[in-house]
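Just so we're clear, the structure is a prediction, and the values are computed from it rather than from any experiment.
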Amino acid sequence: MSDGLDRNLPFEAVRVTEAAAVAAARFIGRGDEKAADQAAVDAMRQALNGLDISGTVVIGEGERDEAPMLYIGEKVGKGGSAVDIALDPLEGTTITAKGAPNALAVMAFAEGGKFLNAPDVYMDKIAVGGGLPDGVVSLAEKPGVNLKNLAKAKKCEVSDLFACILDRPRHEEIIAKTREAGARIQLITDGDVSGVIATTRPETGVDIYMGIGGAPEGVLAAAALRCVGGQFQGRLVFRNDEERGRAKKIGIKDFDRIYSMTELAAGDVVFSATGVTDGWMVRGVHRIGAVIETQTIVMRSATGTVRIVDGKHDTARKPGLAKLAG
């Protein structure tokens with residue numbers, strides 16, 4: 001394809017998320033969220049800076065004054081094609097620290113200006129998988145209405161539906177309303193990118209994702225659904241004037257706007273996620289002697305291609321990766 005992103009970028013994306021996942025994996029179960037996150041950040045930055053791209057981080061882990069993180073506006077790469085980057089070096093820091101399932105290293109590439117330049121605040125989200133009528137669910141509707149409409153579209157009862165929701169005090173009302181409507185709930189402790197993607201994979205049993213999580217993760221989830229199919233809406237949630245001020249600085253004007261999936265992630269998009277711990281989407285990092293095994297899902301919206309990439313890395317031949325693994 002002559003238009004859109006370079007066709008080799010999906011494979012480069014895999015290398016980047018593999019590096020972050022391997023670095024984070026040495027902290028699985030050690031109870032140190034910050035150390036796990038920092039290791040993933042450092043590895044992802046190093047890998048990105050080795051690519052022949054002129055990359056700009058538009059969805060990252062904070063503002064410029066948080067330089068140890070991959071901050072919004074940071075420039076990466078050796079030079080080359082201009083791309084925007086959305087990333088979460090370790091999606092599931094608590095999961096990793098506790099040795100629980102579904103921690104990921106996640107990143108997406110897009111053409112310049114195609115990701116919503118969202119601030120590092122919260123986002124209210126709703127997502128369903130593919131093959132459903134457009135607009136079957138909406139953030140403008142109450143949970144009971146959305147569940148009723150979804151059940152009708154899926155030709156089932158509301159009681160047959162499984163909703164995925166982050167287990168947070170802020171979700172007490174949505175959890176109560178979902179149960180009141182008759183649906184079942186899978187509460188997750190962390191990792192709402194994988195929670196959103198779960199709606200697209202029948203084997204997970206998840207029919208709908210609802211609730212408030214990070215805005216960066218919302219853009220990443222929208223990028224993934226652009227590739228694999230599904231519906232997603234997001235609305236930024238501000239807790240104070242300081243967060244509204246930061247949003248204004250990067251061009252957000254309508255604080256109540258409901259963003260569609262294509263408003264969050266448009267054009268040609270590449271999405272890559274490597275497992276840190278074993279999960280419902282990909283396996284985590286495993287080490288057998290000198291060999292490190294990884295598994296990555298990589299997708300591209302322009303072609304609809306979804307690949308599962310199993311990596312076997314001989315640390316004797318890859319001293320750089322051996323150093324990341326510790």
Side-chain angles (χ1 to χ4, degrees), residues 29 31-34 36-37 59 61-62 66 69 88 90-104 106 118-128 137-148 150 158-159 161-199 204-222 232-247 252 255-259 264 276-277 279-280:
D32 193 337
E33 298 179 15
K34 289 184 178 179
D37 195 33
I59 298 295
E61 291 206 318
E66 299 177 62
M69 298 300 159
D88 191 346
L90 182 55
E91 206 252 342
T93 54
T94 303
I95 287 172
T96 302
K98 293 182 176 180
N102 291 315
L104 301 168
V106 185
D120 188 10
V121 298
Y122 280 132
M123 178 182 283
D124 195 8
K125 310 166 192 177
I126 191 166
V128 293
V137 296
S138 171
L139 283 176
E141 296 288 358
K142 295 180 179 179
V145 174
N146 282 321
L147 292 165
K148 182 179 178 180
L150 181 58
V158 172
S159 58
L161 298 178
F162 236 126
C164 183
I165 302 173
L166 275 172
D167 190 4
R168 298 287 189 274
R170 63 178 177 267
H171 289 148
E172 287 181 2
E173 182 177 355
I174 195 172
I175 289 169
K177 294 294 184 184
T178 299
R179 287 174 173 157
E180 183 181 305
R184 297 169 294 165
I185 297 175
Q186 179 166 346
L187 292 173
I188 57 174
T189 59
D190 209 348
D192 57 348
V193 173
S194 61
V196 169
I197 296 173
T199 66
T204 68
V206 174
D207 298 286
I208 184 171
Y209 179 91
M210 298 185 288
I212 296 171
E217 290 83 356
V219 175
L220 281 161
F232 183 95
Q233 289 184 352
R235 177 170 49 206
L236 297 174
V237 176
F238 302 97
R239 294 172 293 181
N240 51 52
D241 289 339
E242 188 272 335
E243 290 186 347
R244 293 183 185 89
R246 285 197 282 121
I252 302 295
F255 292 161
D256 297 316
R257 180 173 179 173
I258 294 176
Y259 293 92
L264 293 167
V276 178
T277 59
W280 54 30

Quiz item: cation-pi between Arg235 and Tyr122, 6.0 Å / 45°: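 Judged by the rule (NZ or CZ under 6.0 Å from the ring centre, within 45° of its axis), Arg235 is not positioned above Tyr122.
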Within the distance-only criterion (no hydrogens, no angle test), does the side chain of [X] pair as donor or acceptor with the backbone N or O of [Y] below 3.5 angstrom?
| X | Y | answer |
| --- | --- | --- |
| Thr277 | Asn102 | yes |
| Arg168 | Ile212 | no |
| Trp280 | Gly195 | no |
| His171 | Gly211 | no |
| Lys125 | Leu139 | no |

Partner of Ile175 under side chain to side chain contact (heavy atoms under 4.5 Å, CB included), chosen from Arg179, Lys177, Glu172, Glu173: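 Answer after filtering Arg179, Lys177, Glu172, Glu173: Arg179.
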Test applied, side chain to side chain contact (heavy atoms under 4.5 Å, CB included); reference residue, Thr178; option that passes from Leu161, Ile185, Asn146, Val158: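 Only one of Leu161, Ile185, Asn146, Val158 forms a side chain to side chain contact (heavy atoms under 4.5 Å, CB included) with Thr178, namely Ile185.
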To the closest 0.5 Å, what do you measure between [atom1] ([X]) and [atom2] ([Y])?
| X | Y | atom1 | atom2 | answer |
| --- | --- | --- | --- | --- |
| Asp32 | Thr96 | CG | OG1 | 11.0 Å |
| Leu104 | Asp88 | CG | CG | 9.0 Å |
| Met210 | Ile165 | CE | CD1 | 4.5 Å |
| Phe255 | Glu243 | CZ | CD | 10.5 Å |
| Lys142 | Leu147 | NZ | CG | 13.5 Å |
| Ser159 | Arg184 | OG | CZ | 7.5 Å |

Can you find a pair of side-chain heavy atoms, one from [X] and one from [Y], that are under 4.5 Å apart?
| X | Y | result |
| --- | --- | --- |
| Leu264 | Gln233 | no |
| Leu150 | Asp207 | yes |
| Asp167 | Ile188 | no |
| Arg170 | Ile174 | no |
| Ile252 | Leu236 | yes |

For [X] and [Y], which heavy atoms make the closest approach, and how far apart are they?
| X | Y | result |
| --- | --- | --- |
| Ile95 | Thr189 | CG1-OG1, 4.1 Å |
| Ala215 | Ala118 | CB-CB, 4.3 Å |
| Phe238 | Pro119 | CE2-CG, 4.5 Å |
| Ala127 | Val196 | CB-CG1, 3.7 Å |

Side chain to side chain contact (heavy atoms under 4.5 Å, CB included) evaluation trace for Arg239 with Val121: CA-CA 8 Å; Arg239 294 172 293 181; Val121 298; over 6 Å; no
Side chain to side chain contact (heavy atoms under 4.5 Å, CB included) assessment of Tyr209 paired with Val193: CA-CA 10 Å; Tyr209 179 91; Val193 173; over 6 Å; no
Residues Asp241, Arg244; criterion salt bridge (Lys or Arg N to Asp or Glu O under 4.0 Å); working and verdict: CA-CA 5 Å; Asp241 289 339; Arg244 293 183 185 89; 3.1 Å; yes
Pair Met69-Asp37, side chain to side chain contact (heavy atoms under 4.5 Å, CB included): steps then yes or no: CA-CA 9 Å; Met69 298 300 159; Asp37 195 33; 4.0 Å; yes
Ile126/Ser138 under side chain to side chain contact (heavy atoms under 4.5 Å, CB included): CA gap, chis, key distance, verdict: CA-CA 7 Å; Ile126 191 166; Ser138 171; over 6 Å; no
